[in-house]
Amino acid sequence: MRVEFYDMLTKSFQKHPRIIIVSTHIIEEIVKTIQKLIIIDKGSIRFFDTLQSVETKAYRVSGLQKDVEAATRTLNIIGHDAVGGLVTNYIFDTPPEQAASSEIHPLSLQDFFYRCLDIREVQQNDSYFYDCKALTCKQ
């Protein structure tokens, strides 16, 4: 039923372009339908940008703590996990160069969404809003 809904929504938009707001917690289902993503939490806009921006800037860097910290020191870190000496930093920024001692993987839209829910304050730059923790607007 939901697949038919998204197909109908896409066809309707193609015939009559307009803003359509869809509220869902099943993020991966809507990916093929959307062009821009707005994350609203408790009535506040937490993120607004294109899906392409998320696809090119949202990723995780994993490896030994010293190597990950060195690779991500100047980047916008939107989350962090640590187990023993291994860490993962979740990034929304330009990816660093691949290092032999760390791994870089894109974030799914669902993972990006989860990372954006731990939010502090909204920052504004033109029409884009980012505030996933320390995220600053760069264009």
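Within the structure, every pair that satisfies the salt bridge (Lys or Arg N to Asp or Glu O under 4.0 Å) test and touches residues 73-89, not counting sequence neighbours, is listed here: D81-R115.
In this structure, CZ on R60 lies 7.0 Å from CG on D111, to the nearest 0.5 angstrom. The distance from the OG1 atom of T88 to the NE2 atom of H105 is 9.0 Å, given to the nearest 0.5 Å. To the nearest 0.5 Å, the span separating CZ on R46 from CG on L37 amounts to 14.0 Å. Taking CD from E97 and OG from S102, the interatomic distance works out to 11.0 Å, rounded to the nearest 0.5 Å. Within the model, atoms CD1 of I19 and CD1 of I38 stand 7.5 Å from one another, a figure rounded to the nearest 0.5 Å. Atom CG of N89 is separated from atom CD1 of I104 by 11.5 Å, given to the nearest 0.5 angstrom.
For the pair A71 and P96, the tightest heavy-atom approach, listed with the atom from each and the gap, is O-CB, 3.7 Å. Residue P106 comes nearest to Y59 through the heavy atom pair CA-CB, 3.8 Å, listed as atom of the first residue, atom of the second, then distance. Smallest separation of non-hydrogen atoms from T94 and L75: O-CD2, 3.7 Å.
Without hydrogens or angle criteria, N76 side chain to D93 main chain gives no donor-acceptor distance under 3.5 Å. At least one donor-acceptor pair closer than 3.5 Å links the side chain of T72 to the backbone N or O of V68. No donor-acceptor pair closer than 3.5 Å links the side chain of S53 to the backbone N or O of D49.
Using a 30° and 60° split on the angle between ring planes, F112 and F92 fall in the tilted class, from 30° to 60°.
Residue L86 is not grouped with residue Y90 when hydrophobic side chains (ILVMFWY) are merged at heavy-atom distances under 4.5 angstrom, including chains of intermediate members. Residues L64 and I77 are members of separate hydrophobic clusters, defined by side-chain heavy-atom contacts under 4.5 angstrom among Ile, Leu, Val, Met, Phe, Trp and Tyr. Both M8 and F13 are part of a single hydrophobic cluster, where members link through side-chain heavy atoms under 4.5 Å apart.
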- Message: Could you walk me through whether S101 and K66 satisfy the side chain to side chain contact (heavy atoms under 4.5 Å, CB included) test, starting with their C-alpha distance in whole Å, then the side-chain angles of each, then the deciding distance to 0.1 Å, before giving a yes or no?
- Response: CA-CA 10 Å; S101 59; K66 65 179 180 63; over 6 Å; no
- Under the side chain to side chain contact (heavy atoms under 4.5 Å, CB included) rule, what do V54 and L109 come out as? Steps first, then yes or no, please. CA-CA 7 Å; V54 175; L109 188 56; 3.8 Å; yes
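In the displayed structure, Q110 atom CD is contacted under 6.0 Å by more than 12 heavy atoms of other residues, nucleotides or ligands. Other residues, nucleotides and ligands contribute at most 12 non-hydrogen atoms within 6.0 Å of the CD atom of E103. Sparse packing is recorded around CD of Q35, with 12 or fewer heavy atoms of other residues, nucleotides or ligands lying under 6.0 Å away.
Within the 4.5 Å cutoff, side-chain heavy atoms of R18 are placed close to those of S12.
In this view, Q65 and E69, V87 satisfy the side chain to side chain contact (heavy atoms under 4.5 Å, CB included) rule, not counting sequence neighbours.
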